[in-house]
Amino acid sequence: MAQAHAHEASKYYIPHGSPWPIYAAVTLFTVMLGAVSTLNEWLPAYSLIPGFVMLVFLFIFWFRTVIGESQAGIYNAGVDRSFRLGMMWFIFSEVMFFAAFFGALFYARTLVVPWLAGDGTKYLTKLLLWKDYQGGWPTNGPASISPRANGSFETIPALGLPAVNTAILLTSGVTITIAHHALLTGHRTRLAIFLAATFLLGFTFVGLQATEYHEAYTELGLQLGTGIYGSTFFMLTGFHGLHVTIGAIMLVVIWFRVLNGHFTPKSHFAFEGVAWYWHFVDVVWLGLFIFVYWL
Amino acid sequence: MAYASTAHDAHDDHHDQPVKGFKRWLYATNHKDIGTMYLVFAMIMFFVGGFMAMLIRAELFKPGLQLMQPEFFNQMTTNHALVMIFGAVMPAFVGLANWMIPLQVGAPDMALPRMNNLSFWILPFAFTLLLGTFFVPGGMPAGGWTMYPPLILQTGAAFPMLIFAVHLMGASSIMGAINVIVTILNMRTPAMTLLKMPLFAWTWLITAYLLIAVMPVLAGAVTMLLTDHFFGTSFFNAAGGGDPLMFEHIFWFFGHPEVYIMILPAFGIISEILPTFSRKPLFGATSMIYAVASIAFLSFIVWGHHMFADGMPMAAQLFFMMSTMLIAVPTGVKVFNWTATMWRGSLSFEPPMLFAIGFLFMFSIGGFSGLMLAIVPADFQYQNSYFVVAHFHYVLVPGAIFGIMAAVYYWLPKWTGVMYSMTLAKWHFWLSTVFVNVLFFPQHFLGLAGMPRRIPDYAVQFADWNMVSSIGGFGFGLSQLLFAYLVIRCMRGEGKKATAAVWDGAMQHGLEWTLPSPPPYHSFTTPPDLPHQVHL
Amino acid sequence: MPRDCGRWWVDRILPKGFKIEMSMISKWFSRLALAQTALAAASAVAGTPSSLSPNTSNGYNLPLGVTELSQDIYHIHMEVFWICVAIAVVVFGAMIYSLVKFRKSQGAIPDTAMVHSTKVEIIWTIIPALILVVMAVPAAELILKMEDSRNSEVTIRVTAYQWKWQYQYTGAGEGVGYFSTLARESNFARRLGSGIDPNSVANYLLDVDHPLVIPSGKKVRLLLTSQDVIHAWWIPDFGAKRDAFPGFISELWILVHPGSEGIYRGQCAALCGRDHGFMPIVVDVRTPDGFDKWLAEQKAALKPAQTAQVLN
Ligand code: HEA
Ligand code: HEA
Ligand code: CUA
Ligand SMILES: [Cu+2]
């Protein structure tokens, strides 16, 4: 048995025929059909349910296959490297996705808003179209788009919840590093504890973010539709929150794997992939904290 | 070194045969099967997009509306472009990458075979969504492939379908690109250092980096459109502090690298073909790699040249003009090195070579008009005129499409094991070349004379050249039936048996030619040595 | 004005004494300029001169136009064009030479040792870069000139709609304003299945009910904006094109040469929906006196017109 594994492990594993990719494509299509039907008001929002149910099963099926193969020792070092490289460049593409929204934030804040307020060569824009607009940041634009009757809104001070959340995410970055270290040195209990701490911190973060959103929507007059500030604020923090949630779920998955004795100091790509992802989410948050909340 | 040898699922470990039936395609993990699906898909989309182009040219055949309402015409231009770009050219290149990169770098397969399957199978669904808009109230999207707001926000029920279709295409491209990167970096046979890697693989590696850098940006841009339309955000709405011009910036930050995504793999193909039929190594191979890398780098800092007439600060105009013009330098290095490759060679003119030579001349013409477009003051006159249409079709049709056709003629015997009819393929080349110029050259005149693009009807002084252009268009379209015929014949295995080396080019350079034609289902289960003369 | 880059460079860059050594080059460039003029003349003969032509241009090239900017643009366009032709002649020449000379069927033996040469590669990196500088400098200077909209004498607000233009005069003409839409005849003829031959319609698709009226010899500034989507205001003969964005003002200026009074035509140059192809722009350029007279008439007619609007 051990010998068979050693023999297998010298080879690069090429799976033969898998039903999951095509099932995944159909799933994505179903999700999008649901979304299209909902947005076009052809069907009620329930039309999203089939897609999401299929999505859950997709992850269960596909990951089960991969975890099974991994546990069977089919993956050699080369396969592991492929996974790592793949994960790395996937994260890079995610960075670029956030870059688009950060770009929109910077562009709107440093160029568009001053233009609308008559800066530089655009003084006529203010003079002829938006006479009373003063610009500045935060802003909900010359038409003061806001749910409040007087068009005002308030922002969330950086030193309140956001600072707490920063502390939480930074701590979670530390806990996952400790967990990784424990994995490398074979301290399984410590590994399990610190991994659990990491995702608990992650879920706490999401929970706090949710209360913050609630407050913004009900008390501050700050909504997705609150001009450009609301747009950039909610899109950036919203996509980030989504990524934290996904990351935390992945942490839960690998936590169960740890409890089941998976991963060795030598072979634990899934653990590392999730850890990288978690650090990426962390770094994006720092950007958010600085550019969205603080400055 | 990633692999010493390969293992497969236990149940079919030892047979080197594809499974039978639909499962072979739906469950495919084999790079050749997936490559074939990509190429067939691209071919179908080329005909779909071409059909739309034929409707466009038919409507423009003479002044006055003949066939369709203006709104439908706009739907045709928009979807013609989306189908050609995301459905034909990009999938064709990914298909070629799938087939050739493992063969060229001596790998058993693509590094992540299941993801490879997913990135293909997303595409038919993406295009079902896009083309399905034909049947919804309000019809297909009609705001141009550039999707500028606020116009695109006026799209009817097709709007979310367009956005999600773009998301799906983006996801597919990103996964395809990751697979290419990982395959090249991790699965190369150990003997092949990066600088010994064939240029097709090289250009694809760089293209893949462009893809993962810009497709997510496009996804972000269309997501902003979606939320502006449905959720009240103000990204592109001045009243809320946004700006439609901001969309243009984000879009073209994607869009310009995108046009190089559509040409760099073709550069790689030409760099493979010219040496073979000149019987001489590629001239200055290393500087060719650096040139491609510089083009890729520059492509990130030139996007503003699509927006000169849209009112940019002057400093930005100057910057984007200079950076755009700079691209002519590395592109020039490529053109000169290709010429030097033929210089003192021993040339023969089989179909792949003919298409490569056609590419050299006509891509350069498109490049020259690109350079003219980069001159800001002059671009005020050219922008949004048929001069631009002429420019980009020269780089896309006798550029990208000819590159793809050259590749197909070059490797088809390798893939199928049979040779097509040389005579018919040469006819295909000459008809295409003549008609493509009849089709697109007069569009330069139209643009300079003041004909705007994206109009279904025009003033009578544009009548003559439009008629010429339409005739060229029909001729070019019909000529492509020959191509389809030749490819289908080979796919059915009809034709003379091809040898392993296929081309008698004195020096075969590349691992793909060491395998029989067609190559075994699993090509390199152990890493091969490089043949003595492996040269870029 | 960068008429031709040979003279442009000689005038600006080279020390006086250098001119003699450089005479070869400048001669070459002035020959280029000659060819340019010949081509311009040929096109003028081929088509009707644009200032008289009812059409946007003269067949297959940019119009020389009737403003300093349009003429500068024309010249820079021709310069870059001829430089590209020259490069094409050299590069395509080399390609064709090798296609003819080094054929296997003629028994050519490949020189497989010819793999690379750092020297030539450096040369063909530097030479194109230099050529680009030659093009870029006059272009940059022209950009500076175009962006200078100071000291305008007439300011007109232009507002784009799907699918018409609105012109509003300011200053002396305050209060004068009207919409400009596709002329009736064209609008009938353009319908699908109208049965009307476009050739029988005067200025098919290039005619409007109320053209914009501007004076020649005066710097006219247009302040563009839009009420709905992006449009673009374009008159080729003025070398003037600028996008109109909703919520923003963009500027454009025009100074038509005195003596070039007449009718000039163009079209919306940004896809703006269904009838993008059917929102032409017509400008009626009058002498300053004629313009003032026209404006005074419009102002006089203002009161009754407003009443009429109310009655409507
Ligand atoms: C494959 C696709 C492709 C490629 C390769 C290119 C290549 C180039 N393009 Fe093009 N372009 C498009 C596809 C492409 N383009 C598309 C699709 C659009 C329109 C989008 C839309 O609006 O819908 C567009 C539009 C476009 C514009 C905007 C026009 C407008 O809307 O007003 C500009 C402006 O600068 C431009 C410039 C260039 C330049 C400078 C190059 C250069 O890379 C060309 C370099 C090549 C050469 C110059 C020739 C070979 C060189 C030599 C022989 C060396 C010596 C030469 C000199 C020193 C001059 N392109
Ligand atoms: C890779 C990209 C690509 C390719 C390959 C093509 C190929 C062609 N394109 Fe296209 N085109 C674009 C990308 C491309 N185009 C883009 C980006 C735009 C801008 C859109 C916008 O403004 O938003 C555009 C716009 C565009 C316009 C301008 C529309 C407008 O502004 O109003 C025109 C007009 O002539 C045109 C024509 C053609 C033609 C005739 C072909 C031909 O080469 C097609 C030939 C192929 C076939 C015809 C199919 C095969 C044959 C058959 C199906 C057999 C049947 C044949 C007959 C019935 C004759 N294209
Ligand atoms: Cu208005 Cu196009
Ligand atoms: Cu570009």
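Sequence lines set the chain letters: A, B, ... in the order given, protein chains first and strands last, and positions in each chain run from 1.
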Self-check item: Per-residue contacts, residues 241-249 of chain C versus chain B, heavy atoms under 4.5 Å
Solution: C:K241, C:R242, C:D243, C:F245, C:P246, C:G247, C:F248

Exercise. Tell me, for C:E251 versus chain B, whether the close heavy atoms (under 4.5 Å) come from the side chain, the backbone, both or neither.
Key: neither

Quiz item: By a 4.5 Å heavy-atom criterion (distance strictly below it), what part of B:A463 contacts chain C: side chain, backbone, both, or neither?
Solution: neither

Quiz item: Does some side-chain heavy atom of B:H305 sit less than 4.5 Å from a side-chain heavy atom of B:S323?
Solution: no

Quiz item: Contact part of B:E71 toward chain C, heavy-atom cut-off under 4.5 Å: side chain, backbone, both or neither?
Solution: both

Quiz prompt | Region of B:A239 in contact with chain C, defined by heavy-atom distances below 4.5 Å | solution = neither

Exercise. Under 4.5 Å heavy-atom distance to chain B, tell me which part of C:I230 shows up: side chain, backbone, both or neither.
Key: both

Quiz item: Heavy atoms, side chains only, cut-off 4.5 Å: are B:Y148 and C:V229 in contact?
Solution: no

Practice problem: Would you mind checking which part of B:M325 comes under 4.5 Å of any heavy atom in chain C, side chain (CB onward), backbone (N, CA, C, O), both or neither? | Solution: both

Quiz item: Between C:A189 and chain B, which part of the residue has a heavy atom less than 4.5 Å away: side chain, backbone, both or neither?
Solution: neither

Quiz item: Side chain, backbone, both or neither: which part of B:E59 has a heavy atom under 4.5 Å from chain C?
Solution: neither

Self-check item: Side chain, backbone, both or neither of B:W338 within contact of chain C (heavy atoms, under 4.5 Å)
Solution: neither

Quiz item: Does any heavy atom of chain B fall under 4.5 Å from the side chain of C:L144, the backbone, both, or neither of them?
Solution: both

Quiz item: Which bit of B:M68 is near chain C, if near means a heavy-atom gap under 4.5 Å: side chain, backbone, both or neither?
Solution: backbone

Quiz prompt | Partner residues of B:T146 under the side-chain hydrogen bond (donor to acceptor under 3.5 Å, both in side chains) criterion, sequence neighbours left out | solution = B:R454

Quiz item: What residue in B:P442, B:P149, B:G284, B:A378 has the most heavy-atom pairs under 4.5 Å with chain C?
Solution: B:G284

Practice problem: Kindly indicate whether the side chain of B:S364, heavy atoms from C-beta on, has any atom under 4.5 Å from the side chain of B:M362. | Solution: no

Quiz item: Taking only heavy atoms into account, what residues of residues 272-281 of chain C are found under 4.5 Å from chain B?
Solution: C:C272, C:G273, C:R274, C:D275, C:H276, C:G277, C:F278

Quiz prompt | Side chain, backbone, both or neither of C:L252 within contact of chain B (heavy atoms, under 4.5 Å) | solution = neither

Quiz item: Quick one: are C:V158 and C:W233 in side-chain contact, heavy atoms under 4.5 Å?
Solution: yes

Exercise. Give, as side chain, backbone, both or neither, the part of B:I375 having an atom under 4.5 angstrom from any heavy atom of chain C.
Key: side chain

Quiz item: So which of C:S70, C:G239, C:S250 has the biggest tally of heavy-atom pairs under 4.5 Å with chain B?
Solution: C:G239

Quiz item: With a 4.5 angstrom heavy-atom cut-off, which part of B:M322 approaches chain C: side chain, backbone, both or neither?
Solution: side chain

Practice problem: Using non-hydrogen atoms and a 4.5 Å limit, figure out which bit of C:V85 sits close to chain B: side chain, backbone, both or neither. | Solution: neither

Exercise. Check each atom of B:S278 against the heavy atoms of chain C and say whether the ones under 4.5 Å are side chain, backbone, both or neither.
Key: backbone

Self-check item: Within-4.5 Å side-chain heavy-atom neighbours: B:Q75 and B:F72
Solution: yes

Quiz item: Which bit of B:N74 comes within less than 4.5 Å of chain C, counting heavy atoms only: side chain, backbone, both or neither?
Solution: side chain

Quiz item: Is chain C contacted by the side chain of B:D464, its backbone, both, or neither, given a heavy-atom distance below 4.5 Å?
Solution: neither

Quiz item: If you tally heavy-atom pairs under 4.5 Å against chain C, which of B:L245, B:D310, B:L318, B:D243 wins?
Solution: B:D310

Exercise. Could you look at C:A140 and say if it's the side chain, the backbone, both or neither that has a heavy atom under 4.5 Å from chain B?
Key: both

Practice problem: Below 4.5 Å from any heavy atom of chain B, which atoms of C:M146 appear? Answer side chain, backbone, both or neither. | Solution: side chain

Exercise. Could you look at B:Q66 and say if it's the side chain, the backbone, both or neither that has a heavy atom under 4.5 Å from chain C?
Key: backbone

Quiz item: Side chains of C:D207 and C:R265: closer than 4.5 Å at any heavy-atom pair?
Solution: yes

Quiz item: Could you name the residues of residues 124-131 of chain C that have a heavy atom within less than 4.5 Å of a heavy atom in chain B?
Solution: C:W124, C:T125, C:P128, C:A129

Quiz item: Quick one: what part of B:P456 sits under 4.5 Å from any heavy atom of chain C, side chain, backbone, both or neither?
Solution: side chain

Quiz item: Which bit of C:S117 is near chain B, if near means a heavy-atom gap under 4.5 Å: side chain, backbone, both or neither?
Solution: both

